[in-house]
Structures are given as structure tokens and as C-alpha cells.
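Lettering of chains follows the sequences in order, A, B, ..., and the numbering in each one begins at 1. Quick caveat, the model's predicted, so the values are computed rather than measured.
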Amino acid sequence: MQREITVRVDGTARPLTVDTRTTLLDALRERLGITSPKKGCDHGQCGACTVLSGGRRVLSCLTLAVTQDGAEVVTAEGLAPGAAGAGQQLEGGLHPVQRAFVDCDALQCGYCTPGQVVSAVGALDEFAAGWPSAVTEGPGAPGLDRAEVAERMSGNLCRCAAYVNIVTAVLRAATSLPAGPTAGKEVDG
Amino acid sequence: MKPFDYLAPADAAEAVRSVAANPDAVFLGGGTNLVDHLKLGVAEPGLVVGLAGLLPSGIEELDDGALRIGAGVSNSDLAADPRVRERFPVLSQALLSGASGQLRNMATVGGNPLQRTRCVYFQDVTTPCNKREPGSGCSAIGGWTRHHAVLGASEHCIAVHPSDMAVAMAALDARVRTLGPAGERAIPFVELHRLPGDAPERDTALEHGELITAIDLPAQPIARRSAYHKVRDRASYAFALVSVAAAIEVEGGVIRDARIAFGGVAHAPWRARRAEEALRGAPASDGSYRAAADAELTDARPAEGLDGGNAFKIPLLRRTLTATLRDLAGEDPR
Ligand SMILES: Cc1cc2nc3c(=O)[nH]c(=O)nc-3n(C[C@H](O)[C@H](O)[C@H](O)COP(=O)(O)OP(=O)(O)OC[C@H]3O[C@@H](n4cnc5c(N)ncnc54)[C@H](O)[C@@H]3O)c2cc1C
Ligand code: SF4
Ligand code: FES
Ligand code: FES
């Protein structure tokens, strides 16, 4: 059964007709040609398909496209300020998290990387909002250290096991983000 | 995937009417369990009714000090709420120990307790399973049982309920508020989930088309000293082998009161009332904690299995309860 929806993806309104069974991941990749979100497992177990919807990190493989009518979706291609979507991200420069992944050599094959980067952007926003994680002690605002980053990023698997440098990159990005509430927090890079 | 129609109703009442009128219809919350089941063929609805925007999505403080948590609140917003972190740390910790950041952003308070078992045979439509296909048999019995029940199982099903949040809710005397075809009702959380008995296809006491609209947490000072302890095969992003939700009140080295529930060991979150009873009036010591565990676990029955079975869960649960209570009692030594 078909439905007409319009999703804003990386800043551009994208009207499309989808079968009700289509996931957001398949709509992005197969219908809109936006292939940065990857299909690792298709069952919510790896994080390769992570995108932001309404500003929060979610798994596009467990999201039905019909539920995203009117939603604001951001993929790894749309993170950088001035990015215009598929293929354009380098012209618009890199998001600080992307920059940190490059600088810290936080990848090997790169398959998990777009999901890692989007997830890190979402995770740093959550941290800035004072959200605790499973390793946060006590009721106050959490500090950011390697254990916090590893826990907050545990929904993104990396078959190349680039984890050590991924954690370093996320911590690096946390300190380089401009004037965010993350600046000045304890960082154990 | 079997084709289905999708409906985005105008309000909760229309959602209830639409599902109640159609035996082939289901509600869609955050979709983190249902969409997976659509792909696996475990769920084959003809109509999917979206709940986004229809359910209360705030946490309200009632006159008697209870917190009313809207069923549309995300698992991550509930875990981060300052009132929940301060008054019910066990609930925040249980939520944060489950799934991943992305999944917690999607998962709803209404959908979480209704997620279905992670029994591998239930999720594999090529194997017999009484829960998925009543009367077909239970592949887990004599199969891989590492993740299966040691309490309250039946000869028809030995699956466990996978939710962490539900274990904390069971310990905290929460109440589930619903809207069904027959109107509104409130159910004690501990009566929401069923034991399998001879009808493992029924997970809960809800009727078809009955919608969870909110969960109420009554005010209870004891919950301020509470914790969730989860043991699993990796440090994060894995379901519990066993888990313990506990709250205690200690005065002068004596346990005045306790609330305890276990996860990962039964078809329902397991409220451990015998353990609570054993603790009341006992000295705050390891001996009391172990005796409390033994009181609850006298009826525990491990399942043999191809993988060596799950007898390990019984001593593991005893040690996890002891460690959790020792930590809690030690927080404020008097
Ligand atoms: C890889 C992975 C790891 C996970 N790890 C954990 C873990 O460690 N611990 C844990 O606790 N959970 C874990 N989960 C499960 C996750 O927490 C649940 O899938 C989630 O809480 C379900 O909520 P939802 O809103 O997405 O429900 P949905 O998938 O939308 O719905 C689940 C069921 O509830 C019904 N439903 C939904 N909302 C309502 C309502 N308001 N009223 C009546 N019926 C309703 C639906 O019809 C469906 O049958 C994991 C999931 C995945 C994919
Ligand atoms: S334990 Fe329950 S869910 Fe698992 S195969 Fe047996 S009947 Fe099915
Ligand atoms: S593809 Fe979505 S989590 Fe693996
Ligand atoms: S870099 Fe290869 S999977 Fe992560």
C-alpha cells in the first residue's frame, strides 16, 4: 500500500511515494540515493544506519518511512554547516566531529563511520543537555571521560574495532565544538 | 514482509477503536520491537496504527506526590528526568542499562513493557514455538537455554521478559493506566505481565485494542535509596542474564523495609516478595542478603540445555542481590 510523504533530508524537502513497509533507511538509500546511512544488520543491532530525526539520533532501519512525513532528517552528509546533501559535504567543510574522526584516524574500512559520526553528534548534544548514562555516578551533571564516551557510543559497532581512536575522536570533538556546554568539561583524551 | 495498511489516527480514542475493531491490527509505538518483528515475519498485521503524537509525552506531578509518566515519553527522556534520577534512581539506571542511545530515543514508555521475548526460537519463524504459534511446541526446552527462565516457567514456554525498565517498575509498585474499548482502567504493574502457564501466546493482561496511556509511580521515600544491577555477556548493549532492582531502608544497622524485583529469570518481571519479607527486621549483613535470596529462590528450577543449561543463573542471582543490597546499605552507614 502506497503513501505520499514529504521528508526534509539534509535541509531539502523530498516528496516521495512509499510502500507502507519501506523503512526510512531504504527510502534514503534506494529512493533518494542518499547512501551515507549504511545497512549493517537491518535489525537495530549495529548503529550503521544512525541518522538524526527531529534533532535526535535514531536508527533508520527500525523507522517506517510513513512515520517520518514532515520530519527533519539529517544524515552524515548534512552535518557540516553549508553542506547541501549528497556528495557536497566536502565543499561545505567538515563538522567538528567529522574533522576529529579524520584527525584521530578513527576508522579503518569506513563502513560504520557515517553512523558513528551522526551518533557522536547526537551523543554530544545529549551530554550537553545533562543526560546521564549507565556509567554516570550520582545524580548531578555528568563529566566526559573515555568510559562515558564508550558507554554513550555502545550502540555503534565497528567490525574493524577502531574503537580506541573513535573514543579519542569524540572526546577531541567535544572540546573543539564552539562555545557549547561541553567546552571546559573534564576531558581525559 | 506481508503488506499492511497504515493509519495515523487523530487521537487516542480513534487509535483504540481502530485496533479493537480489527483482530489483525496493532499499535506502533517507537517501533524498535514491532518493526523488527515485521521484518522477521514474527508479526504479520494487516493494519498498523501509529501512536506518534497521540499519547501524553510529559511527566506530571500529581497531588499525592506520585509521578504520572505519559506513555509517549521516550525511554531517554524518562531516564534523564531530574525527579526520576533523584527519587527513583533504580528506574533511571534500569532504563540506561537497556539497549543503546539511539534505541532509547525511539522507544516509548508504553511500548517498552510490551516488547516481546528475545527467545531466539520465538524470533526464528522456521522453528516451533508455542508463543508464536500455539500448540507447535517449545524449541527452547532441551535447546539453547542460557537466556531462559529459572522461575515461574511452564512445560509450554520457558522464555523470559527482556525489559529492564519493567523490573524497576515492578519493584516500585507502579500502576499502568489504559484506555480500552471498555473505557479506562488502572492495573498494578505487577499484574500486567502473565506467567506462561498453558497460554504462552499471551504476554500480558491487556485486551486486544487496549492502549497504555500512562504509568503512575507512587511517592515512596524508600526508593531514594535504590539501584539497578544488570549482569550480561558484554558491558553494554546486551540483554540481561540476570538483573536486580532493589530499594532498602536501613536504620541502626537493621533493615526496616525493602523492595526487590528480578529480571532475566522469568516470563514476567519477578517481584521478590519472599526476599523482602525475609529482609524486614534483619541485620543489614551479607548473611541476611543471602538468606533473602535463598528464600526467593527455593522454587527456582534451572533448564538443561545444549549449551550447558542455565543453572548458573541461580548462584549468579544470589550474588547479584547480595552485592546490590550491600552497596545500598553501605551508602549511609549508621
Ligand atoms: C538491539 C536491541 C537491543 C535492545 N536491548 C535492550 C535491553 O538491553 N533492555 C531492554 O529493556 N530493552 C532492550 N531493547 C528493546 C527496546 O527497549 C524495546 O524494543 C522498546 O522499549 C520497545 O518500545 P517501542 O516504543 O519501540 O515499542 P514498539 O516496537 O512500537 O511496540 C512494542 C509492542 O508494544 C505495542 N505497543 C506500543 N506502544 C503501546 C501502547 N502505548 N499501548 C499498547 N500497546 C503498545 C506494540 O503494538 C508492540 O506489540 C533492545 C532492542 C534492540 C533492537
Ligand atoms: S521458550 Fe517460549 S518463546 Fe521460546 S520457543 Fe519455547 S514457547 Fe517459544
Ligand atoms: S542497520 Fe540499523 S542498526 Fe544495523
Ligand atoms: S571502520 Fe570498518 S567497521 Fe568501523
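- Of the two parts of S53(A), neither the backbone nor the side chain holds a non-hydrogen atom closer than 4.5 Å to a non-hydrogen atom of chain B.
- Of the atoms belonging to L95(B), not a single heavy atom falls under 4.5 Å from chain A.
- Under 4.0 Å is where a charged nitrogen must lie from a carboxylate oxygen, and between D327(B) and R225(B) no such pair does.
- Side-chain contact annotation: E148(A) with S133(A), donor-acceptor N/O pair under 3.5 Å present.
- Top candidate by heavy-atom pairs under 4.5 Å with chain B, chosen from M153(A), Q45(A), R57(A), is R57(A).
- Side-chain N or O atoms of Y111(A) include one that pairs as donor or acceptor with a backbone N or O of K39(A) at under 3.5 Å.
- Both the backbone and the side chain of P3(B) have a heavy atom closer than 4.5 Å to some heavy atom of chain A.
- Using a 4.5 Å cut-off between heavy atoms, A79(B) touches chain A through its backbone atoms (N, CA, C, O) alone.
- Interface remark: D69(A) contributes no atoms to any contact with chain B (heavy atom separation under 4.5 Å).
- Ranking G47(A), A150(A), C61(A), G130(A) against chain B, the residue ahead of the rest is C61(A), based on heavy-atom pairs under 4.5 Å.
- No other option in E86(B), Q102(B), K39(B) has as many heavy-atom pairs under 4.5 Å with chain A as Q102(B).
- Only the side chain of R3(A) comes within less than 4.5 Å of a heavy atom in chain B; its backbone stays farther off.
- Contacts of T50(A) with chain B are made by side-chain atoms alone, with heavy-atom separations under 4.5 Å and no backbone atom involved.
- You'll find the side chain of L62(A) reaches within 4.5 Å of the side chain of L103(B), heavy atoms only.
- Put simply, the side chain of H161(B) gets close to the backbone of P113(B): a donor and an acceptor are under 3.5 Å apart.
- Contact annotation for K230(B): neither backbone nor side-chain heavy atoms come within less than 4.5 Å of a heavy atom of chain A.
- Side-chain atoms of D203(B) and T117(B), non-hydrogen and from C-beta on, never get closer than 4.5 Å to each other.
- Residues of residues 101-110 of chain A lying under 4.5 angstrom from chain B, judged on non-hydrogen atoms, do not exist.
- To the nearest 0.5 angstrom, I69(B) atom CD1 is 12.0 Å from T213(B) atom OG1.
- Between K38(A) and L25(A), the closest side-chain pair of non-hydrogen atoms is not below 4.5 Å.
- In terms of heavy-atom pairs under 4.5 Å with chain A, the best-connected choice from D5(B), V48(B), T32(B), L38(B) is D5(B).
- Between R56(A) and D77(B), at least one side-chain nitrogen of the basic residue sits less than 4.0 Å from a carboxylate oxygen of the acidic one, meeting the salt-bridge criterion.
- Under 3.5 Å, the side chains of T75(A) and D10(A) contain a donor-acceptor pair of N or O atoms.
- When S236(B), S100(B), G30(B) are compared by the number of non-hydrogen pairs under 4.5 Å with chain A, S236(B) comes out ahead.
- Atoms OH and CG, from Y228(B) and D164(B) in turn, are 3.5 Å apart once rounded to the nearest 0.5 Å.
- Contact count against chain A (heavy-atom pairs under 4.5 Å) is highest for M106(B) among K2(B), Q93(B), R104(B), M106(B).
- For the pair L241(B)/D233(B), a side-chain contact is recorded, criterion being any heavy-atom separation below 4.5 Å from C-beta on.
- Of all the heavy atoms in Q115(B) and F239(B), the pair that sits closest is OE1-CE2, 4.0 Å.
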